[in-house]
Protein chains: 2
Amino acid sequence: MDEVAAAIADPVRRRILELLRDRQLTAGRIAEHFEISRPAISRHLRVLRESGLVRDAVVGRERHYQLDPAHFGDLIRWLSQFDQSERWERRFDALETEVHRTRRERRTGGSPYPKERTA
Amino acid sequence: MDEVAAAIADPVRRRILELLRDRQLTAGRIAEHFEISRPAISRHLRVLRESGLVRDAVVGRERHYQLDPAHFGDLIRWLSQFDQSERWERRFDALETEVHRTRRERRTGGSPYPKERTA
DNA sequence: CGGAAGCGTAACCGGTGGGTTACATATTCT
DNA sequence: AGAATATGTAACCCACCGGTTACGCTTCCG
């Protein structure tokens, strides 16, 4: 996971990941989006490869790069442990209580909002 | 968000964040957990402070550090866009709307699916 | 076969990051 | 007031990172 964090720290590598988000690209196509030299891109791609965030497939003289979404999970989970204030918990709690309330109402045959309806 | 990614890239800083996960600590207490010199820790703390991941409160001659969970969200969301499996956001949304629809229908006495509307 | 195309690696180089020691500053204790 | 405590800053050093140019290896194509 250390490699993933390091890989993500560089802005060029982050842009590469964004480029690969929904399409597959060759090294050359990726390089076209940047001003820096192709060897520089090549090394960024190696870092991404070794971190596991990206996989490559050799096709003739080209190399097709694509995301490997599996390796994002570890870092996401690590970060999430600090993010207890994020609304997930609250949304979950809200949904949970709503479901329970609905079940209770079904059981007792009462209407959804007890106070506004008697029979 | 660039600063956050850079802050997280260092293993010492990641351990500091873990230390601060559920308790508040002074700079000295934090430094006790590491072999490196205190000035080194002090600079790591500055990086964390400037990235917004951590806040400090001066108490006498001590500085109490604590997490600022708000700033983790941006990076988490950015990472999540790549992780399809972590795509339970969509599943959750679907479940949420489903539950709400069910309750609404019960309340109005309508049938489960609008297209079957009795009228 | 021979040149062009597509990529990666090697060697080099300047800037930055993270470590250290020495020092400055503010607060607490006696 | 003066010593000890808690912490940050400054100056310095070395290792690593990210950039460049030069080069090597395959693969495609005339």
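Convention: sequence-line order gives letters A, B, ...; per-chain numbering from 1. For clarity, every value in this text was computed on a predicted model and none was experimentally measured.
- At a threshold of 4.5 Å between non-hydrogen side-chain atoms, the residues B/Ile36 and B/His44 count as touching.
- Of the candidates D/dT9, D/dT21, D/dG19, D/dG19 carries the atom nearest the A/Ala40 side chain, counting heavy atoms from C-beta on.
- In this structure, CZ in A/Arg15 is found 4.5 Å from CZ in A/Phe34, a value given to the nearest 0.5 Å.
- The shortest side-chain heavy-atom distance between A/Leu19 and A/His33 falls under the 4.5 Å cut-off.
- The CD1 atom of A/Ile36 sits 15 Å away from the C1' atom of D/dT21 (whole-angstrom rounding).
- Side-chain proximity of A/Pro39 to D/dA22, D/dG18, C/dT20: nearest is D/dA22.
- Within the 4.5 Å cutoff, no side-chain heavy atoms of A/Leu20 are placed close to those of A/Gln66.
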Pull out every protein N or O sitting under 3.5 Å from an N or O of nucleotides 11-16 of chain D, one pair per line with the distance.
none

Using the 3.5 Å cut-off, write out each protein N or O paired with an N or O of nucleotides 5-7 of chain C and the distance between them.
| residue | atom | partner | partner atom | Å |
| --- | --- | --- | --- | --- |
| C/dA5 | O4' | A/Arg61 | NH1 | 3.0 |
| C/dA5 | N3 | A/Arg61 | NH1 | 3.2 |
| C/dC7 | OP1 | A/Thr26 | OG1 | 3.4 |
| C/dC7 | OP2 | A/Gly28 | N | 2.8 |
| C/dC7 | OP2 | A/Arg38 | NH1 | 3.4 |

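- Here C/dT9 presents its C1' atom at 16 Å from CD1 of A/Ile41, a figure rounded to the nearest Å.
- A heavy-atom distance below 4.0 Å to DNA chain C is reached by none of the residues of residues 3-15 of chain A.
- Distances were taken from every side-chain heavy atom of A/Ser37 (C-beta onward) to each of C/dG18, C/dG8, D/dT20; the shortest belongs to D/dT20.
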List the atom pairs, donor and acceptor, that lie under 3.5 Å between side-chain atoms in residues 1-10 of chain A and the rest of the protein, sequence neighbours left out.
| residue | atom | partner | partner atom | Å |
| --- | --- | --- | --- | --- |
| A/Asp2 | OD1 | B/Arg14 | NH2 | 2.3 |
| A/Asp10 | OD1 | A/Val12 | N | 2.8 |
| A/Asp10 | OD1 | A/Arg13 | N | 3.2 |

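- Closest-nucleotide positions on DNA chain D for A/Val59 and A/Val47 were compared, and the one nearer the 5' end corresponds to A/Val47.
- Proximity of B/His71 to B/Leu75: side-chain heavy atoms (C-beta onward) are nowhere separated by under 4.5 Å.
- A/Ile41 has its side chain out of reach of A/Ser37: every pair of non-hydrogen atoms, C-beta onward, lies at least 4.5 Å apart.
- The distance from atom CZ of A/Arg46 to atom P of C/dG8 is 10 Å, rounded to the nearest whole Å.
- The number of heavy atoms from other shown groups lying within 6.0 Å of CZ (A/Arg55) does not exceed 12.
- Every pair passing salt bridge (charged side-chain N to carboxylate O under 4.0 Å, His left out) that includes a residue from residues 60-74 of chain A is listed here, sequence neighbours excluded: A/Asp56-A/Arg63, A/Asp74-A/Arg77.
- In this structure, A/Glu35 atom CD and D/dG18 atom P are separated by 19 Å, rounded to whole Å.
- The two residues A/Val58 and A/Gly60 come nearest to each other via the heavy atoms CG1-O, 3.6 Å.
- Distance CG (B/Asp2) to P (C/dG17): 11 Å, rounded to an integer number of Å.
- Not one side-chain nitrogen or oxygen of A/His44 sits closer than 4.0 Å to the OP1 or OP2 atom of D/dC17.
- Within the structure, salt bridge (charged side-chain N to carboxylate O under 4.0 Å, His left out) contacts touching residues 24-48 of chain A (residues at least two apart or in different chains) are A/Arg29-A/Glu32.
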